[in-house]
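One structure is given here, and the rest of the page talks about it.
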Amino acid sequence: MAQKTVLIVYAHQSGGSFNSAAKDVAVEALKQQGYKVVVSDLYAMNFKASATVEDITGEVKNPEHFKYGEETMQAWKEGRLCDDIIAEQRKVEAAELVIFQFPMYWFSVPAIMKGWIDRVLSQGFAFSLQKMYSNGIFKDKKAMLSFSTGSMQTMYRPDGLNGDINVTLWPLQNGVLHFCGFQVLAPQVFWCPGHSPPANRTAMLDGWRARLKTLLVERPLTFAPCELFDLTFPGGFMLRPEVREEQRTRPHGITTGHHLGKPLPPDNQLKAEG
């Protein structure tokens, strides 16, 4: 049986950080289980964050009105993306699981990781208009977020100062990972390690180490499958009428994003159902 590969896309400037420790725990625990672990240390690589025409080798099709998505899709088809993008795409292709390890910045990922998402998950390679969400290109792969927060957990509750963490995670987990077809595992959230005593930080890492033992057999989060929608321009890519009627009497929306004006499904972006 071929050795399975895990890719860790890691974004922190300091080797002495909690995120570095979380990354090291994952590398060690996964290697002990026989996985090949590949780490893309974005700061160490000086990975370029900005998506520009320089990502394409050779001439572009329309230099007067450069459209990044269309041009990079064509370049991907023709093997004309720049070397750093191609290298990362090959890592993604080889991986059964992709872990994004980072400190949460402004309710999202650091700029250098956003650049990785913008440039590496290019149209054609990671998605197309025909292959997205539950029909996505990476539907046989898994992905997850593992991140630290600067705020305590209660601040991310629906009645907390920062608002519901499920809403915060929706753009990344649905709009990036699930959009590309990944089966999205529940996030590993390290709540406020920077303001936690050493014993608490150690306990967080121990919990992560324990979870890693069964990580790849976990059930993924639940998202609305494409079959629920009329995937045509005349239909507006909206819920099918019979689905909307079926959902009418249910107490919660379908997902965090497809709430249908109802209460959100509890912890839809934090825990797998069942």
Side-chain angles (χ1 to χ4, degrees), residues 5-7 9 38 40 47-100 108-109 113-145 169-185 220-240 243 254-258 269:
T5 299
V6 177
L7 170 62
V9 184
V38 178
S40 287
F47 191 82
K48 184 170 80 77
S50 55
T52 69
V53 68
E54 296 172 355
D55 292 344
I56 299 168
T57 61
E59 295 183 359
V60 299
K61 306 301 179 184
N62 187 355
E64 290 79 20
H65 186 192
F66 178 70
K67 297 181 180 179
Y68 186 85
E70 293 180 9
E71 295 279 5
T72 51
M73 179 173 63
Q74 189 64 33
W76 170 76
K77 290 179 180 178
E78 298 172 359
R80 295 189 297 106
L81 290 173
C82 62
D83 290 344
D84 64 338
I85 293 178
I86 292 174
E88 294 304 300
Q89 289 182 342
R90 287 175 177 167
K91 294 176 188 177
V92 173
E93 287 175 332
E96 275 78 25
L97 167 66
V98 182
I99 300 174
F100 293 85
S108 188
V109 297
M113 184 173 281
K114 181 56 163 62
W116 189 97
I117 291 168
D118 289 349
R119 298 176 66 227
V120 175
L121 301 182
S122 61
Q123 189 170 351
F125 169 72
F127 69 94
S128 70
L129 293 178
Q130 295 75 36
K131 296 181 178 181
M132 56 184 175
Y133 292 120
S134 57
N135 297 327
I137 290 172
F138 297 142
K139 62 184 179 181
D140 295 325
K141 299 180 183 292
K142 297 179 180 180
M144 67 173 295
L145 307 178
L169 293 176
W170 178 258
L172 289 171
Q173 295 190 152
N174 179 76
V176 177
L177 301 183
H178 178 54
F179 182 79
C180 294
F182 285 112
Q183 300 170 49
V184 185
L185 300 182
L221 299 175
T222 299
F223 295 89
C226 288
E227 290 73 20
L228 301 185
F229 301 87
D230 181 345
L231 301 179
T232 65
F233 285 100
F237 296 82
M238 301 282 287
L239 276 179
R240 296 182 181 277
V243 175
I254 303 172
T255 66
T256 297
H258 305 101
Q269 293 298 290

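What you find for C82 and T57 is that their closest heavy atoms are CA-CG2, 4.3 Å. Annotation for L228 and V243: closest pair O-CG2, 3.8 Å, computed over non-hydrogen atoms. T255 and A224 get closest at one heavy-atom pair: CG2-N, 3.6 Å. Nearest heavy atoms, M132 versus C226: O-SG, 3.6 Å. Nearest heavy-atom pair across W116 and F47 is CA-CE2, 3.5 Å. Shown here for Y68 and D118, the closest heavy-atom pair between the two residues is CE2-O, 4.0 Å.
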For residues 171-185, dump all side-chain donor-acceptor pairs below 3.5 Å to protein atoms at least two apart in sequence or in another chain.
{"unit_1": "Q173", "atom_1": "NE2", "unit_2": "Q269", "atom_2": "O", "d": "3.0"}
{"unit_1": "Q173", "atom_1": "NE2", "unit_2": "Q269", "atom_2": "OE1", "d": "2.9"}
{"unit_1": "Q183", "atom_1": "NE2", "unit_2": "K139", "atom_2": "O", "d": "2.9"}

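Between the CZ atom of R240 and the CZ atom of F229 there is a distance of 10.0 Å, given to the nearest 0.5 Å. Expressed to the nearest 0.5 Å, how far CG of L81 lies from CD1 of I56 amounts to 7.0 Å.
F66 meets the ring-ring contact (aromatic ring centres under 6.0 Å, His included) test with no other residue; sequence neighbours excluded. Under the salt bridge (charged side-chain N to carboxylate O under 4.0 Å, His left out) criterion, E78 pairs with K61, R80, not counting sequence neighbours. With sequence neighbours left out, S40 forms a side-chain hydrogen bond (donor to acceptor under 3.5 Å, both in side chains) with E88, K91. Partners of S50 according to the side-chain hydrogen bond (donor to acceptor under 3.5 Å, both in side chains) rule, which considers only residues two or more places apart in sequence or in another chain, do not exist here. When the salt bridge (charged side-chain N to carboxylate O under 4.0 Å, His left out) test is applied to K142, no partner is found at least two apart in sequence or on another chain. Applying the salt bridge (charged side-chain N to carboxylate O under 4.0 Å, His left out) criterion to E71, with sequence neighbours excluded, gives no partner residue. Every residue meeting the side chain to side chain contact (heavy atoms under 4.5 Å, CB included) condition with E70, not counting sequence neighbours, appears here in chain and number order: K67. In this view, D55 and K48, R119 satisfy the salt bridge (charged side-chain N to carboxylate O under 4.0 Å, His left out) rule, not counting sequence neighbours. The side chain to side chain contact (heavy atoms under 4.5 Å, CB included) test applied to E227 returns S134, N135, P225, not counting sequence neighbours. The side-chain hydrogen bond (donor to acceptor under 3.5 Å, both in side chains) search around K141 returns none, not counting sequence neighbours.
Using a 30° and 60° split on the angle between ring planes, F125 and F138 fall in the perpendicular class, above 60°.
At most 12 heavy atoms of other shown residues, nucleotides or ligands fall within 6.0 angstrom of atom CZ in R90. Other residues, nucleotides and ligands contribute over 12 non-hydrogen atoms within 6.0 Å of the CG atom of N62.
A donor-acceptor pair under 3.5 Å is absent between the side-chain atoms of Q123 and the main chain of S128, judged by distance alone.
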L169/T256 under side-chain contact (heavy atoms from CB on, under 4.5 Å): CA gap, chis, key distance, verdict:
CA-CA 9 Å; L169 293 176; T256 297; over 6 Å; no
Give the intermediate values and the outcome of side-chain contact (heavy atoms from CB on, under 4.5 Å) for residues V120 and Q89.
CA-CA 6 Å; V120 175; Q89 289 182 342; 3.9 Å; yes
Could you go through the side-chain contact (heavy atoms from CB on, under 4.5 Å) check for E96 and T5 one step at a time?
CA-CA 6 Å; E96 275 78 25; T5 299; 4.1 Å; yes
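Annotation: side chain of T72 is not in contact with side chain of I85 (no heavy-atom distance under 4.5 Å).
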